[in-house]
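As structure tokens, the structure follows; a few thoughts come after it.
Since we're looking at a predicted model, the values are computed, not measured. Only heavy atoms go into these numbers, but all of them, side chains included; no hydrogens, no water, no symmetry mates.
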Amino acid sequence: MNDLLDRLQACIAARFPAMEADLNAGASDAGIDTFERAIGRPLPPPLRALYRWHDGQAGHAAPGLFFGLPFLPLSAALAHWNSETAGESVGDVSAYTCLPPGTIRQAAASRAWIPLADDAGGAYLGVDLDPDAAGSAGQVITFGGREFIRVQAGASLEHFLERLLGLYENGDYVLVEEDEDAFSLSTVNPCTDHFLDYLRRKAQGAC
């Protein structure tokens, strides 16, 4: 995992210097332990390594680490986790499906879903600690109340980060100038301006 994070650091330093400058210092083990106690679950070693690498982003008008979605510091991840799990007991969950089928539990929300990034509109990218039968513990998923088709974005955090790094290293992105010195990222093949839409369309078989 550390070698993968070193490669990711080198890649974003070369391609997205504003993104690199926006990354916070790494979280301490004590800080991660406090987060674990708050959610009542241990984090898998790769997720602990990610937060020791950097404790999210500062949010200074830089592109988000996850293809435009900002990497949440532990404090913000906990706030979103508390907000999302308030809806865990919602009754009818029949509208929620997932790709691939059987990987993500059919639920409105779950205490086992740890937010890594949000789109400021109620949709999340995160780590799933309690997958369905065809999933894997520690998989990266999309979720949120309005995300009716959830996607397994990576069978593990390492798999997801390898996929993300491949997009960056291959130049499979477009930098879009929003304001002076402020940029966002758009995907190509398929072309979208929202990474969660890209993940869903890829899971549905879009080119």
Side-chain angles (χ1 to χ4, degrees), residues 1 4-5 8 12 16 19 22-24 35 39 41 43-44 46-51 53-57 59 62-85 87 96-100 103-105 107-132 135-168 172-173 184-187 190 192-204:
M1 181 66 175
L4 176 56
L5 293 173
L8 182 58
I12 63 175
F16 314 116
M19 182 192 294
D22 196 53
L23 290 167
N24 294 322
F35 181 86
I39 66 170
R41 294 171 183 268
L43 299 183
L47 186 53
R48 289 186 66 99
L50 180 68
Y51 273 103
W53 177 61
H54 290 292
D55 185 12
Q57 290 181 252
L65 174 66
F66 302 116
F67 224 103
L69 296 177
F71 179 22
L72 293 171
L74 286 171
S75 59
L78 182 58
H80 283 287
W81 180 86
N82 279 316
S83 174
E84 274 295 292
T85 55
Y96 296 106
T97 60
C98 69
L99 295 170
T103 53
I104 304 166
R105 293 192 183 278
S110 171
R111 290 183 174 88
W113 298 345
I114 311 304
L116 285 179
D118 82 297
D119 72 346
Y124 297 91
L125 182 74
V127 172
D128 180 6
L129 305 181
D130 185 27
D132 209 350
S136 53
Q139 65 187 358
V140 176
I141 65 170
T142 65
F143 63 95
R146 66 176 178 80
E147 291 296 297
F148 294 103
I149 302 176
R150 279 75 183 268
V151 174
Q152 185 200 62
S156 66
L157 182 57
E158 297 100 315
H159 177 252
F160 169 74
L161 292 176
E162 284 279 8
R163 183 179 182 185
L164 178 72
L165 183 59
L167 291 172
Y168 288 161
D172 293 334
Y173 60 85
S184 63
L185 286 168
S186 291
T187 65
T192 73
D193 59 5
H194 197 304
F195 189 44
L196 300 190
D197 290 341
Y198 168 85
L199 293 171
R200 185 183 67 254
R201 290 180 63 188
K202 292 294 282 188
Q204 291 170 328

Drop me the distance from [X]'s [atom1] to [Y]'s [atom2], to the nearest 0.5 angstrom.
| X | Y | atom1 | atom2 | value |
| --- | --- | --- | --- | --- |
| Phe160 | Leu199 | CZ | CG | 6.5 Å |
| Thr192 | Phe67 | OG1 | CZ | 7.5 Å |
| Leu185 | Leu69 | CG | CG | 10.0 Å |

Is there side-chain contact between [X] and [Y], with at least one heavy-atom pair below 4.5 Å?
| X | Y | result |
| --- | --- | --- |
| Pro115 | Phe143 | yes |
| Ile141 | Arg150 | no |
| Leu116 | Leu157 | yes |
| Cys98 | Gln152 | no |
| Leu125 | Thr142 | yes |
| Leu161 | Val140 | no |
| Trp81 | Phe35 | no |

Donor-acceptor pair, distance only, cut-off 3.5 Å: does the side chain of [X] make one with the backbone of [Y]?
| X | Y | result |
| --- | --- | --- |
| Arg163 | Ala153 | yes |
| Asp55 | Asn24 | no |
| Gln57 | Leu65 | yes |
| Arg105 | Pro131 | yes |
| Ser136 | Gln139 | no |

For a quick test of reading the model, state the closest non-hydrogen atom pair linking [X] to [Y] and the distance between them.
| X | Y | answer |
| --- | --- | --- |
| Leu129 | Pro44 | CD2-CD, 3.5 Å |
| Asp128 | Thr103 | OD2-O, 4.3 Å |
| Ala109 | Thr85 | CB-CA, 4.5 Å |
| Ala49 | Met1 | CB-CG, 3.8 Å |
| Ala123 | Leu196 | CB-CD1, 3.6 Å |
| Ala77 | Tyr51 | CB-OH, 4.1 Å |

Worked check of side chain to side chain contact (heavy atoms under 4.5 Å, CB included) between Leu50 and Val127: CA-CA 12 Å; Leu50 180 68; Val127 172; over 6 Å; no

Sidechain N-carboxylate O distance under 4.0 Å for Asp119, Arg146: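 Salt bridge between Asp119 and Arg146, a charged N being under 4.0 Å from a carboxylate O: yes.
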
More than 12 heavy atoms of other groups within 6.0 Å of Asp193 CG: no

Atom NE2 of His159 with >12 non-hydrogen neighbours under 6.0 angstrom: no

Evaluation steps, side chain to side chain contact (heavy atoms under 4.5 Å, CB included), between His54 and Leu8: CA-CA 12 Å; His54 290 292; Leu8 182 58; over 6 Å; no

Single hit among Tyr168, Phe71, Tyr124, Phe195 for ring pair (Phe, Tyr, Trp, His ring centres under 6.0 Å) with Phe66: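 Checked Tyr168, Phe71, Tyr124, Phe195 against Phe66; only one passes ring pair (Phe, Tyr, Trp, His ring centres under 6.0 Å): Phe71.
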
Stepwise side chain to side chain contact (heavy atoms under 4.5 Å, CB included) check, Tyr173 with Leu167: CA-CA 7 Å; Tyr173 60 85; Leu167 291 172; over 6 Å; no

Pair Thr187-Lys202, side chain to side chain contact (heavy atoms under 4.5 Å, CB included): steps then yes or no: CA-CA 11 Å; Thr187 65; Lys202 292 294 282 188; over 6 Å; no

